[in-house]
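These values consider heavy atoms only, across backbone and side chains, with no hydrogens, waters or symmetry-generated copies.
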Amino acid sequence: MTKPPAMYLWQMIAFNNPGNVFVTCQRQLGPYLEREIKSLNFEILRSGNTGVLIRASLNDCILLNLKLRCASQVLYSLKKFKAHHPDDVYEEAGKIKWESIIENPGYFSVKSTVDHPTINNNLFVNLRIKDAINDRLRKIRGNRPDTGAELKGTVISLHWKNEEAELFLDTSGDSIARHGYRKFPGKAPMLEALAAATIYASGWSGQSSFINPMCGSGTLAIEAALISTNTAPGLFRMNFGFMHIMGYDEKEYYRIRNAVEEEILEENLPVIVATDISEAAIETARKNAKAAGVEKFISFRVCDFASTPVPQENKGVICFNPEYGERLGNTTELEATYKRMGDFMKQKCKGYKGYVFTGNPELAKKIGLKANKRMVFFNSKIECRLLEYELY
């Protein structure tokens with residue numbers, strides 16, 4: 001390797017230096033993500049429906065990646081700048097000391113979110129950033145790192161809207177909205193981060209009963225079990241973006257990880273019930289629960305939802321995530337199912353709070369109960385509602 005000239009002597013990026021960190025999330029999950037971040041004692045600088053801005057160090061980002069249930073990416077800001085053209089992005093990216101960030105030899109990838117009239121293909125912008133990084137490192141090191149689309153090494157992220165641009169280190173890599181335990185997704189599974197947010201939206205305490213008829217692949221019940229046991233979702237992963245940034249200390253990672261593991265609870269836990277009429281669905285849910293380490297905390301049963309056992313002590317939440325005709329099932333056939341759901345909640349779930357997550361408002365009318373709350377969520381691009389029913 002060519003020895004770098006004296007003017008390019010560098011130090012690795014300091015993992016304990018605070019900077020601006022933008023934690024992104026799926027649309028409409030912002031309020032629930034904000035609540036999570038506040039519970040970790042971070043000060044909120046700005047929040048919205050798709051993310052929360054805080055001050056944090058890269059070591060703090062390790063904790064955030066391990067603990068957050070509703071987040072997608074944890075982005076550590078490197079540089080904000082004005083950009084009128086992709087050449088401006090190239091110039092500004094070339095000023096960043098990538099030699100203190102990307103290992104040698106190393107691997108990096110670039111992704112971007114761009115809303116600018118000069119751009120009709122983000123891949124072009126990604127290429128300009130890659131060129132800027134490679135040109136700088138070739139000048140300093142005499143070689144260039146490998147690069148590609150796979151998020152397995154250092155991940156750089158660009159957010160560019162109008163004239164405002166910002167480059168980040170993506171400390172997550174692959175999205176942490178997928179919690180990593182679900183090896184068997186089943187049919188049309190709910191994203192894990194969305195499932196966690198809907199549980200938060202229900203106000204479930206994590207100590208009262210949680211009943212999940214029509215459980216499918218078990219995501220809601222498993223997320224409820226993870227919440228009640230205080231099991232951090234990041235414990236199911238062993239590769240994050242921060243691990244590929246120069247200055248990363250594996251000992252510090254394991255110190256934080258071990259402290260998070262010590263917070264797991266296994267006693268005095270609530271009853272969690274998951275049922276489905278499909279034997280295959282219950283088998284899938286069991287396998288996913290086992291992968292998450294919470295199988296013993298969930299009572300699984302193959303049965304019609306109307307036969308779901310509902311404990312009469314320590315009443316809490318009953319939550320349905322039924323088909324709603326967009327991707328599965330026939331709308332006409334589902335009308336009778338929705339009516340039966342309403343009958344079941346009225347007759348067998350008194351004292352509970354009932355919730356139905358659906359993307360079909362016409363089917364929701366068939367439930368026959370008046371919702372006292374209608375909370376907006378998005379399942380992929382489908383606008384949905386989490387309907388709340390007080391079951392007196």
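Contact annotation: the side chain of Leu391 never approaches that of Lys346 to less than 4.5 Å [non-hydrogen atoms, C-beta and beyond]. Taking the side chain as every heavy atom from C-beta outward, Gln26 and Leu191 approach each other to under 4.5 Å. Under the 4.5 Å side-chain criterion, counting only non-hydrogen atoms from C-beta, Tyr200 is in contact with Arg35. Put simply, the side chain of Ile37 reaches to within 4.5 Å of the side chain of Ile54, judged on heavy atoms. In this structure, Phe240 and Tyr248 have side chains that are not in contact, with every pair of non-hydrogen atoms separated by 4.5 Å or more. Side-chain contact between Val310 and Val273: absent, with no pair of heavy atoms (C-beta onward) separated by less than 4.5 Å. Tyr389 places a side-chain heavy atom less than 4.5 Å from the side chain of Met345. At least one side-chain heavy atom of Phe81 sits less than 4.5 Å from a side-chain heavy atom of Leu167.
Of all heavy-atom pairs spanning Val74 and Cys61, the tightest one is CG1-SG, 3.7 Å. Contact record, Ala197 with Leu29: CB-CD2, 3.5 Å, taken as the closest heavy-atom pair. Scanning both residues, Glu223 and Glu192, for their nearest heavy atoms gives OE2-CB, 3.6 Å. Closest approach of Ser47 and Val52 over heavy atoms only: CB-CG2, 4.0 Å. Considering all non-hydrogen atoms of both residues, Ile272 and Ala224 come closest at CD1-C, 3.9 Å. The two residues Gly173 and Leu151 come nearest to each other via the heavy atoms O-CD1, 3.7 Å.
The salt bridge (charged side-chain N to carboxylate O under 4.0 Å, His left out) pairs that include a residue from residues 69-84 are Lys79-Glu92, Lys82-Glu164, where partners are two or more places apart or lie in different chains. For residues 104-144, the pairs satisfying ring-ring contact (aromatic ring centres under 6.0 Å, His included) are His116-Trp160, with sequence neighbours left out. Applying the ring-ring contact (aromatic ring centres under 6.0 Å, His included) definition to pairs two or more places apart or across chains, those involving residues 28-58 are Tyr32-Phe377. Sorted by first and then second residue, the ring-ring contact (aromatic ring centres under 6.0 Å, His included) pairs involving residues 162-194 (not counting sequence neighbours) are His159-Phe168, Tyr181-Phe236.
Looking at Asn65 and Thr171, their side chains do bring a donor and an acceptor atom within 3.5 Å of each other. Side-chain atoms of Gln73 and Thr24 include no donor-acceptor pair closer than 3.5 Å. In this structure, a donor-acceptor pair under 3.5 Å is present between the side chains of Glu163 and His84. Using modelled atom types and a 3.5 Å distance limit, the side chains of Asp60 and Ser57 yield a donor-acceptor pair.
Under the rule for a side chain to side chain donor-acceptor pair (under 3.5 Å), Arg27 has no partner lying at least two apart in sequence or in another chain. Every residue two or more places apart in sequence or in another chain was checked for a ring-ring contact (aromatic ring centres under 6.0 Å, His included) with Tyr352, and none qualifies. Partners of Glu283 according to the salt bridge (charged side-chain N to carboxylate O under 4.0 Å, His left out) rule, which considers only residues two or more places apart in sequence or in another chain, do not exist here. Looking at residues two or more places apart in sequence or on another chain, you find no salt bridge (charged side-chain N to carboxylate O under 4.0 Å, His left out) involving Glu166.
Separation of atoms CG (Asn122) and OG (Ser112) is listed at 4.0 Å; rounding is to 0.5 Å. Annotation: the span from Lys290 atom NZ to Ile298 atom CD1 amounts to 14.0 Å, rounded to 0.5 Å. Atom NZ of Lys139 is separated from atom CG of Asn134 by 15.0 Å, given to the nearest 0.5 angstrom. In this structure, the separation between CD on Glu36 and CG on Leu64 is 10.0 Å, given to the nearest 0.5 Å. The line from SG of Cys25 to CD1 of Ile176 is 10.5 Å long, rounded to the nearest 0.5 Å. Leu226 CG to Thr231 OG1: the interatomic distance, rounded to the nearest 0.5 Å, is 5.5 Å.
With hydrogens and angles disregarded, no donor-acceptor distance shorter than 3.5 Å links the side chain of Thr358 to the backbone of Tyr324.
The number of heavy-atom neighbours closer than 6.0 Å to NZ of Lys95, taken from other residues, nucleotides and ligands shown, is above 12.
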Q) Between Asp343 and Lys339, is a salt bridge (charged side-chain N to carboxylate O under 4.0 Å, His left out) present by the stated rule, with each step listed? A) CA-CA 6 Å; Asp343 293 341; Lys339 181 182 183 303; 3.1 Å; yes
Q: With side chain to side chain contact (heavy atoms under 4.5 Å, CB included) as the test, would you mind laying out the steps for Glu34 and Ile44 before giving the verdict?
A: CA-CA 8 Å; Glu34 180 181 353; Ile44 307 296; 4.0 Å; yes
Q.
Pair Ile277, Phe305 - check side chain to side chain contact (heavy atoms under 4.5 Å, CB included), show working.
A. CA-CA 7 Å; Ile277 198 168; Phe305 72 81; over 6 Å; no
Q) When you look at Tyr90 and Asp131, which way does the side chain to side chain contact (heavy atoms under 4.5 Å, CB included) test go after all the steps? A) CA-CA 7 Å; Tyr90 172 89; Asp131 288 343; 3.9 Å; yes
Q: Begin with the C-alpha distance, continue with both residues' side-chain angles, and end with the deciding distance and a verdict on side chain to side chain contact (heavy atoms under 4.5 Å, CB included) for Asn321 and Met190.
A: CA-CA 9 Å; Asn321 177 28; Met190 179 183 275; 3.7 Å; yes
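When the options Ile156, Leu169, Ile101 are evaluated for a side chain to side chain contact (heavy atoms under 4.5 Å, CB included) with Ile96, the one that passes is Ile101.
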Name the atoms and distances for all side-chain donor-acceptor pairs under 3.5 Å in residues 204-220, with sequence neighbours left out.
residue: Trp204; atom: NE1; partner: Ser208; partner atom: O; Å: 2.9
residue: Trp204; atom: NE1; partner: Ser208; partner atom: OG; Å: 3.3
residue: Ser205; atom: OG; partner: Gln207; partner atom: N; Å: 3.1
residue: Ser205; atom: OG; partner: Ser208; partner atom: N; Å: 3.3
residue: Ser209; atom: OG; partner: Asn314; partner atom: O; Å: 3.0
residue: Asn212; atom: ND2; partner: Cys319; partner atom: O; Å: 3.0
residue: Ser217; atom: OG; partner: Pro185; partner atom: O; Å: 3.0
residue: Thr219; atom: OG1; partner: Arg182; partner atom: NH1; Å: 2.7

Using distance only, find each side-chain donor-acceptor pair of residues 366-376 under 3.5 Å and give its atom names and separation, not counting sequence neighbours.
residue: Asn372; atom: ND2; partner: Glu388; partner atom: OE2; Å: 2.9

Enumerate, atom names and distances included, each donor-acceptor pair closer than 3.5 Å involving a side-chain atom of residues 257-269, sequence neighbours excluded.
residue: Arg257; atom: NH1; partner: Arg237; partner atom: O; Å: 3.4
residue: Arg257; atom: NH1; partner: Tyr253; partner atom: OH; Å: 3.0
residue: Arg257; atom: NH2; partner: Leu235; partner atom: O; Å: 2.8
residue: Asn258; atom: ND2; partner: Tyr254; partner atom: O; Å: 3.1
residue: Glu263; atom: OE1; partner: Lys67; partner atom: NZ; Å: 2.6

Which donor-acceptor pairs under 3.5 Å do side chains of residues 12-23 form with protein atoms, sequence neighbours excluded?
residue: Asn20; atom: OD1; partner: Arg55; partner atom: NH1; Å: 3.2

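Ion pairing between Asp174 and Lys152 fails under the 4.0 Å rule for side-chain N and carboxylate O. By the 4.0 Å N-to-carboxylate-O rule, Lys381 lies too far from Glu383 to be salt-bridged with it.
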